[in-house]
Amino acid sequence: MGEAYRPLSLDKALEIAEEKSALPLAGGTDLMVQRRNWSGLPPHIERPVVFIGHLHELQEVTFEQDALVIGAGCTLSSILEDERMPSLLREAVHSIGGPSIRSRATIGGNICNASPAADSLPVLYVLDAEVVLTGRKMGTTTTPGKLGTRTMPIEAFIEGPGKTCLKKGELLTAIKIPAGKHNITFFKKVGTRASNALAKLSLAAVARTENGAVKDIRLALGAVAPTVVRSTEAEELMRDKTPGEIRGELYRILKAYNTVL
């Protein structure tokens, strides 16, 4: 590892990220594995590093206009222990690594790693989460040294495996989860073993039912494509139907599929 910086404020971290093209490091649980070197040698990190995991600005959890705002530097352990978090997110976070990993890994790092197998992503997709990106001289801000933000849906932020739309000098600073009215939640992860395993397949779902019929439903699949897949066709198929009608429709589709085969 070459140059490394440990700024005392978010403003200074953004300045370093912009001027030095520095690689942000919060928990480092993904980054250090990706840059691992031969046994006995330090990790091979090709750019300066700016440490951000200690910044208090990235560890706050607040409510803002009916949305829960989670600092990107919040560790997975803190999310798991915080009862303000959606139960579905806590369930997914519990499936990530073990206690030692969760005590270091951050929600922002899990997102920015942009793995299609990331356990938090399908949940954030169905919860209609947005990401808050912060940088210097962004948006309508033109005065040097001032900070600006832009917010976008998480599915627009992640462009492919390991690829996001973060620009030079930007940091993911928060995740916004709007208040939901769903009364059914579901998360399932299939891995090679019970714990500390990458997902071979994951599914997150939320639904709202009224008078026995599905009025709103959202489904997201992980580890099946270059990015998490939101199954809008399946959602439309089930909307405004009762469970019995949904089973009948699925039976019809499977029967037609088997006939084709």
Next on the checklist: Can a side-chain donor-acceptor contact be found between Y5 and E3 if the only test is distance below 3.5 angstrom?
Outcome noted: yes
Checklist entry - Would you call K181-D216 a salt bridge at under 4.0 Å N-O? => result no
Checklist entry - Yes or no on side chain to side chain contact (heavy atoms under 4.5 Å, CB included) for K176 and L68, after CA distance, side-chain angles and deciding distance? => result CA-CA 6 Å; K176 288 186 176 182; L68 180 66; over 6 Å; no
Next on the checklist: If you count every heavy atom of other residues, nucleotides or ligands that lies below 6.0 Å from H56 atom NE2, does the total exceed 12?
Outcome noted: no
Checklist entry - Under 4.5 Å between any side-chain heavy atoms of L133 and T173, yes or no? => result no
Next on the checklist: The test is salt bridge (Lys or Arg N to Asp or Glu O under 4.0 Å); show your working for R230 and E235 and say whether it passes.
Outcome noted: CA-CA 9 Å; R230 178 81 179 269; E235 293 171 3; 2.6 Å; yes
Checklist entry - Okay, side chain of E170, backbone of K167: is any donor-acceptor separation there less than 3.5 Å? => result yes
Checklist outcome for this item: Between the CG atom in L250 and the NZ atom in K255, the distance rounded to the nearest 0.5 Å is 14.5 Å
Checklist entry - Run the salt bridge (Lys or Arg N to Asp or Glu O under 4.0 Å) check on D82 and R90 step by step: do they pass? => result CA-CA 8 Å; D82 193 333; R90 293 166 65 190; over 6 Å; no
Item to check | K215, NZ atom: more than 12 neighbouring heavy atoms under 6.0 Å | outcome: yes
Checklist entry - Under a 4.5 Å side-chain heavy-atom rule over Ile, Leu, Val, Met, Phe, Trp and Tyr, are I111 and V132 clustered together? => result no
Checklist entry - So do the side chains of P226 and P161 get within less than 4.5 Å of each other, counting heavy atoms only? => result yes
Next on the checklist: R208 vs E210, test: salt bridge (Lys or Arg N to Asp or Glu O under 4.0 Å). Steps then yes/no.
Outcome noted: CA-CA 7 Å; R208 176 174 57 85; E210 292 180 9; 2.4 Å; yes
Checklist entry - How far apart are the C-alpha atoms of R239 and E236, what are their side-chain angles, what is the distance that settles it, and do they pass the salt bridge (Lys or Arg N to Asp or Glu O under 4.0 Å) test? => result CA-CA 5 Å; R239 194 168 287 116; E236 188 61 32; 2.8 Å; yes
Item to check | side chain to side chain contact (heavy atoms under 4.5 Å, CB included) between F187 and L203, intermediate numbers included | outcome: CA-CA 6 Å; F187 176 77; L203 169 67; over 6 Å; no
Checklist entry - Any donor-acceptor pair under 3.5 Å linking the side chain of Q59 with the backbone of C74? => result no
Checklist entry - Between E130 and F157, is a side chain to side chain contact (heavy atoms under 4.5 Å, CB included) present by the stated rule, with each step listed? => result CA-CA 9 Å; E130 295 182 321; F157 175 67; over 6 Å; no
Item to check | ILVMFWY network linking V49 to L8, side-chain heavy atoms under 4.5 angstrom | outcome: no
Checklist entry - How many angstroms lie between atom CG of D128 and atom CD1 of I177, to the nearest 0.5 angstrom? => result 10.5 Å
Next on the checklist: Tell me if the NZ atom of K241 is crowded by more than 12 foreign heavy atoms within 6.0 Å.
Outcome noted: yes
Next on the checklist: Keeping R6 on the side-chain end and V50 on the backbone end, is there a donor-acceptor pair under 3.5 Å?
Outcome noted: no
Item to check | Nearest-0.5 Å distance, OG of residue S120 to CG of residue L88 | outcome: 11.0 Å
Checklist entry - Does V126 offer a backbone N or O that forms a donor-acceptor pair with the side chain of R218 under 3.5 Å? => result yes
Item to check | Connected via hydrophobic side-chain network under 4.5 Å: I184 and L124 | outcome: no
Next on the checklist: Could you check whether any side-chain N or O of T75 sits under 3.5 Å from a backbone N or O of T106, counting only pairs where one atom can act as donor and the other as acceptor?
Outcome noted: no
Next on the checklist: Main chain of L127, side chain of H182: is a donor-acceptor contact present, judged purely on distance under 3.5 Å?
Outcome noted: no
Checklist entry - Does F51 reach the side chain of P24, with side-chain heavy atoms less than 4.5 Å apart? => result no
Item to check | Transitive ILVMFWY side-chain link V69 to L55, under 4.5 Å | outcome: no
Checklist entry - Is it true that a side-chain atom of K163 and a backbone atom of I158 form a donor plus acceptor pair closer than 3.5 Å? => result no
Checklist entry - Do I107 and I79 come within less than 4.5 Å of each other through their side chains, counting heavy atoms only? => result yes
Checklist entry - Do V214 and Y251 belong together in a cluster built from hydrophobic side chains that touch within less than 4.5 Å? => result no
Next on the checklist: Test side chain to side chain contact (heavy atoms under 4.5 Å, CB included) on K188 and S202; report intermediate values, then the result.
Outcome noted: CA-CA 6 Å; K188 181 67 175 179; S202 60; over 6 Å; no
Checklist entry - Is a side-chain donor or acceptor of E245 paired with a backbone partner of A213 at a separation under 3.5 angstrom? => result no
Next on the checklist: Is any side-chain heavy atom of P116 closer than 4.5 Å to one of V228?
Outcome noted: no
Item to check | Shortest non-hydrogen contact from A156 toward C165 | outcome: O-SG, 4.1 Å
Checklist entry - So how far is it from S21 OG to R47 CZ, rounded to the nearest 0.5 Å? => result 6.5 Å
Checklist entry - If you measure from CD on E91 to CE on M85, what distance do you get to the nearest 0.5 Å? => result 16.0 Å
Next on the checklist: side-chain hydrogen bond (donor to acceptor under 3.5 Å, both in side chains) for T209 and N183? Distances and angles first, verdict last.
Outcome noted: CA-CA 7 Å; T209 59; N183 57 351; 3.1 Å; yes
Checklist entry - Under 3.5 Å, is there a donor-acceptor pair between the side chain of R102 and the main chain of I96? => result yes
Checklist entry - Hey, what do you get for CG (L89) to NE2 (H94), rounding to the nearest 0.5 Å? => result 13.0 Å
Checklist entry - Pick one: which of L219, V224, L237 meets side-chain contact (heavy atoms from CB on, under 4.5 Å) with S231? => result L219
